[in-house]
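Note on naming: letters A, B, ... go to the chains in the order of the sequence lines (proteins, then strands), and numbering restarts at 1 for each one. Both backbone and side-chain heavy atoms feed into the values below; hydrogens, waters and symmetry mates do not.
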Amino acid sequence: MSADTPLLTLLTTTPLFAVGLTLAAYLLGSALFQRLKRPSWLPAILIAALLLAGALALIGLPYATYQQGATWLTVLLGPATVALGMPLYQQLPRIVELWRPLAICLPIAATLAACYSLAIAWLLGSSDTILASIAAKSVTAPIAIGITEQLGGTVALLLGALLVTGVITIPCVSLAARWLHIDDERLIGFALGLNGHAIGTVRAFEISPTAGAFASLGMSLTGIFTAVLLPLAWRLISMGS
Amino acid sequence: MPALSGFLWLISYWLIGEVVIHFTALPISSGVIGMLLLCATLAVRGRVPTSIAAAAQPLIALLAMLIMPGVVGVFFIIGELAGQWTAILIALVLGTLFSVVTTLWLLKRLIGRPNVR
């Protein structure tokens with residue numbers, strides 16, 4: 001009689017196992033991130049996600065079972081997104097100062113954020129399903145899932161695209177800021193949130209509260225703009241071809 | 001229990017967002033609607049109540065952990081996309097680099113005083 005399987009089944013009957021696993025991976029990932037002297041190409045969230053995926057594979061826990069338990073954590077994403085309204089309010093004077101350039105930049109940048117990748121993927125011969133799955137790559141997860149369903153893409157692939165985009169945005173922004181000689185935290189934060197959604201925003205809060213507020217702004221405006229226009233544009237292009 | 005009542009505020013705003021979406025069919029998430037409503041409320045009141053700050057600060061600090069369970073799912077679909085990954089990765093990495101450069105360049109041009117903090 002093997003004690004392993006019943007024990008795992010017993011443990012996973014309570015969501016506390018998945019929650020504990022997530023907390024452990026997060027804390028360990030953060031500690032490793034500090035130990036590695038905070039590399040910009042390897043954000044703490046990627047280390048933690050790799051640890052967590054490794055742990056799930058090691059103990060043989062199916063992702064669906066884990067995800068069910070982890071709902072106890074992910075449900076907090078709702079109030080946490082609402083909470084971003086606080087730094088947004090606190091930085092309101094500095095945002096109002098810049099409303100004109102931000103208002104001009106946002107539609108162009110948010111459109112290009114989707115178009116560049118779509119064009120490259122299309123040139124490389126990706127299928128329509130893949131194009132539909134990566135179109136919302138710069139939009140924060142809760143909004144992006146809705147958009148992708150409307151376009152007929154795969155949500156799992158979308159989440160992958162979100163991870164890659166979010167993670168790659170961080171070194172891209174530091175690189176581009178150095179090229180263009182930009183050290184304004186407001187611009188860096190806005191670019192992080194606009195292109196790298198929640199992952200970029202988390203990074204921006206590590207830089208400073210100001211960068212974080214501009215990132216929240218960039219993230220939410222990109223989300224709203226893309227949610228309204230992308231499904232519409234998609235329908236027009238599909239009709240044309 | 002200031003944090004608890006602040007948390008109740010956050011949940012209420014999220015639920016209001018759900019109601020707004022139900023009646024308007026807006027393609028936006030209720031979190032974003034709640035965020036904009038919270039920001040508007042704070043702007044009207046002119047200050048951040050301690051209860052909301054006590055609940056919002058720790059939640060924002062935990063944001064990275066809250067998106068982790070979804071992120072991990074990626075490692076479990078890699079097999080399904082055999083052969084397509086290179087094209088997808090190239091598109092995402094190059095596309096993101098271009099769009100980050102465009103965003104920053106555009107902002108710098110529009111704001112004109114790039115080095116002022």
>> To the closest 0.5 Å, what do you measure between CG (B:L36) and OG1 (A:T81)?
In response: 11.5 Å
> Going from CG on A:L124 to CD1 on B:I90, what distance comes out if it is rounded to the nearest 0.5 angstrom?
Replying inline: 5.5 Å
For [X], is it the side chain, the backbone, both, or neither that has a heavy atom closer than 4.5 Å to a heavy atom of chain B?
| X | value |
| --- | --- |
| A:A191 | both |
| A:L76 | both |
| A:W179 | side chain |
| A:L194 | side chain |
| A:L106 | neither |
| A:L88 | both |
| A:Y26 | both |
| A:L50 | both |
| A:E206 | neither |
| A:L84 | both |

> Can you list the steps and then say if A:L157 with B:I88 is a side-chain contact (heavy atoms from CB on, under 4.5 Å)?
Replying inline: CA-CA 10 Å; A:L157 179 54; B:I88 299 174; 4.0 Å; yes
Heavy-atom distance under 4.5 Å to chain A: side chain of [X], backbone, both or neither?
| X | answer |
| --- | --- |
| B:F75 | side chain |
| B:T96 | both |
| B:A53 | both |
| B:L89 | side chain |

Heavy-atom pairs under 4.5 Å with chain B are the metric here; pick the option from [options] that has the most.
| options | answer |
| --- | --- |
| A:S220, A:P101, A:A114 | A:P101 |
| A:P87, A:A53, A:A109 | A:A53 |
| A:V202, A:I120, A:N195 | A:N195 |
| A:G125, A:A70, A:A198, A:A161 | A:A161 |
| A:L192, A:L21, A:I130, A:T154 | A:I130 |
| A:T210, A:V173, A:T201, A:I108 | A:V173 |

>> Is it the case that over 12 heavy atoms from other parts of the model lie below 6.0 angstrom from the CD atom of A:Q68?
In response: no
> Among B:V101, B:I60, B:V48, B:L106, which residue forms the greatest number of heavy-atom pairs with chain A at distances under 4.5 Å?
Replying inline: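 Max contact count across the listed options: B:I60.
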> What orientation do B:F76 and A:Y63 show, parallel under 30°, tilted 30 to 60°, or perpendicular over 60°?
Replying inline: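 Judged by the thresholds at 30° and 60°, the geometry between B:F76 and A:Y63 is parallel.
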> Where do A:V164 and B:V93 come nearest, in terms of heavy atoms and distance?
Replying inline: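 Between these two residues, the closest heavy atoms are CG1-CG2, 4.4 Å.
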>> Does B:M68 form a side-chain contact (heavy atoms from CB on, under 4.5 Å) with A:L73? I'd like the steps, not just the answer.
In response: CA-CA 9 Å; B:M68 251 176 57; A:L73 281 177; over 6 Å; no
> Is there a side-chain contact (heavy atoms from CB on, under 4.5 Å) between B:L42 and A:L92 once you walk through the steps?
Replying inline: CA-CA 10 Å; B:L42 294 176; A:L92 217 50; over 6 Å; no
